[in-house]
S.K.: 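Supplied in structure tokens, the structure appears directly below.
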Number of protein chains: 2
Amino acid sequence: MGLTKSEIFTDEQNQLSTLLKAIAHPARIAILQRIIISNTCICGDLVGELGLAQATISQHLKELKTAGIIQGTIEGVSVCYCINPKTWKLLEEELGGFLASYKGETTCC
Amino acid sequence: MGLTKSEIFTDEQNQLSTLLKAIAHPARIAILQRIIISNTCICGDLVGELGLAQATISQHLKELKTAGIIQGTIEGVSVCYCINPKTWKLLEEELGGFLASYKGETTCC
DNA sequence: AATAAGTATCGTAATATTGCGATATAAAAT
DNA sequence: ATTTTATATCGCAATATTACGATACTTATT
């Protein structure tokens with residue numbers, strides 16, 4: 001039907017998948033890398049650098065913001081976006097725990 | 001258009017987003033957790049445990065397999081799926097590097 | 001007040017994802 | 001050989017995502 005059945009999964013599984021989904025796009029990865037490098041990001045800059053239209057970038061920024069991964073504060077005409085430290089930490093922890101749970105033992109296959 | 005413009009991004013950005021996309025679904029996270037715990041997974045088990053139809057689970061397994069995150073070997077009637085250590089390591093490295101690139105400095109906002 | 005600059009939102013088209021019933025396939029047991 | 005068991009694939013419907021032009025909004029400058 002095209003609708004994820006969130007009810008049957010744990011809150012952790014849903015939360016992690018939501019965060020991952022927000023990051024799982026090359027444009028959004030590029031945006032995040034750009035924000036991290038400059039530590040002071042303005043959308044207008046991105047429009048010139050990435051090869052995407054202004055509307056598209058604004059939409060990607062909105063998705064990252066909705067997921068809580070970035071936060072934006074209005075600074076005059078432009079908007080300054082930066083990483084939301086809390087969510088970033090949460091992602092590092094949740095994802096780190098998940099990835100580390102596999103110890104690489106090859107009992108099967 | 002609905003088509004991601006992969007051409008304008010780096011190989012690293014595309015690769016990382018592809019891997020993340022494969023994991024960014026609660027059912028697939030649940031499947032991976034289940035595989036990791038048992039270290040010997042048979043699809044039939046999952047059908048009973050998760051609340052999804054057999055066809056749906058088979059499809060999720062296929063996506064994980066296509067992304068190279070799991071590998072399956074036929075064992076008689078059933079198929080044994082397990083983590084692909086190489087891809088898992090790659091994911092840990094790529095993602096770890098990406099997440100660690102943010103140092104948490106709050107110069108702005 | 002009018003204009004300019006930077007972003008956000010709307011509407012829309014193209015494509016992708018999610019989920020499932022039905023059916024196919026493949027190996028094991030009878 | 002037929003039936004059973006386990007998994008994969010097909011086809012479809014519902015929904016989500018991606019991208020962008022056009023337009024609205026919001027603040028700064030003139």
Side-chain angles (χ1 to χ4, degrees), chain A residues 1-9 13-14 17-31 34-35 40-67 70-82 109, chain B residues 1-9 13-14 17-31 34-35 40-67 70-82 109:
Chain A
M1 317 215 150
L3 196 145
T4 301
K5 284 184 157 184
S6 320
E7 330 86 60
I8 65 172
F9 302 107
Q13 288 164 342
N14 284 316
S17 70
T18 300
L19 287 175
L20 287 174
K21 211 168 147 192
I23 302 184
H25 191 286
R28 292 196 288 272
I29 291 178
I31 289 173
R34 182 71 180 65
I35 292 180
T40 299
C41 158
I42 289 158
C43 181
D45 294 1
L46 292 167
V47 177
E49 290 173 34
L50 303 181
L52 292 172
Q54 184 266 324
T56 308
I57 291 177
S58 185
Q59 198 175 272
H60 281 306
L61 285 167
K62 193 185 174 187
E63 275 174 75
L64 287 170
K65 202 177 172 186
T66 302
I70 61 171
Q71 56 195 184
T73 40
I74 297 160
E75 258 186 35
V77 185
S78 32
V79 176
C80 168
Y81 279 109
C82 45
C109 302
Chain B
M1 318 207 149
L3 196 145
T4 303
K5 284 183 158 184
S6 319
E7 331 86 61
I8 65 172
F9 303 107
Q13 288 164 343
N14 284 317
S17 71
T18 301
L19 287 174
L20 287 174
K21 211 168 146 191
I23 303 184
H25 191 286
R28 293 196 288 272
I29 291 178
I31 289 172
R34 182 72 179 65
I35 292 180
T40 299
C41 159
I42 289 158
C43 181
D45 293 3
L46 292 166
V47 177
E49 290 173 33
L50 305 179
L52 292 172
Q54 184 266 325
T56 308
I57 291 177
S58 184
Q59 196 176 274
H60 281 305
L61 285 167
K62 193 186 174 187
E63 274 175 75
L64 288 170
K65 203 177 172 186
T66 303
I70 61 172
Q71 56 196 184
T73 39
I74 297 161
E75 258 186 35
V77 186
S78 31
V79 176
C80 169
Y81 280 109
C82 45
C109 303

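For the numbers below, each heavy atom of this structure counts, side chains included, while hydrogens, waters and symmetry mates do not. Here is how names work: the chains are called A, B, and so on, in the same order as the sequence lines, proteins then strands, and each is numbered from 1.
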S.K.: Between B:Lys62 (NZ) and C:dT17 (C1'), how many Å, whole number?
M.R.: 13 Å
S.K.: Grab the CD1-P distance between B:Ile74 and C:dA26 for me, whole Å please.
M.R.: 10 Å
S.K.: Any donor and acceptor pair, going by atom type alone, linking the side chain of A:Arg28 with main-chain N or O of A:Ala22 inside 3.5 Å?
M.R.: yes
S.K.: Closest heavy-atom contact between A:Ala27 and A:Leu50?
M.R.: O-CD1, 4.3 Å
S.K.: Surrounding CD1 of B:Ile8 (heavy atoms of other residues, nucleotides or ligands, distance under 6.0 Å), is the total greater than 12?
M.R.: yes
S.K.: With side chains defined as the heavy atoms from C-beta onward, is the minimum distance between A:Arg34 and A:Asp45 less than 4.5 Å?
M.R.: yes
S.K.: B:Arg28 CZ to C:dG19 P: how many Å, rounded?
M.R.: 8 Å
S.K.: Under the criterion side chain to side chain contact (heavy atoms under 4.5 Å, CB included), I'd like the reasoning laid out for B:Leu52 against B:His60: C-alpha separation, chi angles, the key distance, then a yes or no.
M.R.: CA-CA 10 Å; B:Leu52 292 172; B:His60 281 305; 4.3 Å; yes
S.K.: Please report the distance, rounded to the nearest Å, between CD in A:Glu63 and P in D:dA19.
M.R.: 10 Å
S.K.: Nearest-Å distance, CD1 (B:Ile31) to P (C:dT18)?
M.R.: 11 Å
S.K.: May I ask you to evaluate whether B:His60 reaches the phosphate of C:dG19, defined as a side-chain N or O under 4.0 Å from OP1 or OP2?
M.R.: yes
S.K.: Could you list all N or O pairs between the protein and nucleotides 3-8 of chain D that sit under 3.5 Å apart?
M.R.:
unit_1 : atom_1 : unit_2  : atom_2 : d
D:dT7  : OP1    : B:Cys43 : N      : 3.3
D:dT7  : OP1    : B:Val79 : N      : 3.2
D:dT7  : OP2    : B:Gly44 : N      : 2.5
D:dA8  : OP1    : B:Tyr81 : OH     : 2.5
D:dA8  : OP2    : B:Ser58 : OG     : 3.1
D:dA8  : N7     : B:Gln54 : NE2    : 2.9
D:dA8  : N6     : B:Gln54 : OE1    : 2.9

S.K.: On DNA chain C, check which nucleotide each of A:Lys5 and A:Gln59 is closest to and give me the residue with the more 5' one.
M.R.: A:Gln59
S.K.: Assign A:Leu52 to base, sugar-phosphate, or nothing according to its heavy-atom contacts below 4.0 angstrom with the strands shown.
M.R.: sugar-phosphate
S.K.: With the side chain counted from C-beta on, respond yes when A:Leu61 and A:Lys65 share a heavy-atom pair under 4.5 Å apart, and no when they do not.
M.R.: no
S.K.: Send over the distance from A:His25 NE2 to D:dT18 P, rounded to a whole Å.
M.R.: 5 Å
S.K.: Using a cut-off of less than 4.0 Å, is there contact between a side-chain N or O of A:Lys21 and OP1 or OP2 of C:dT17?
M.R.: no
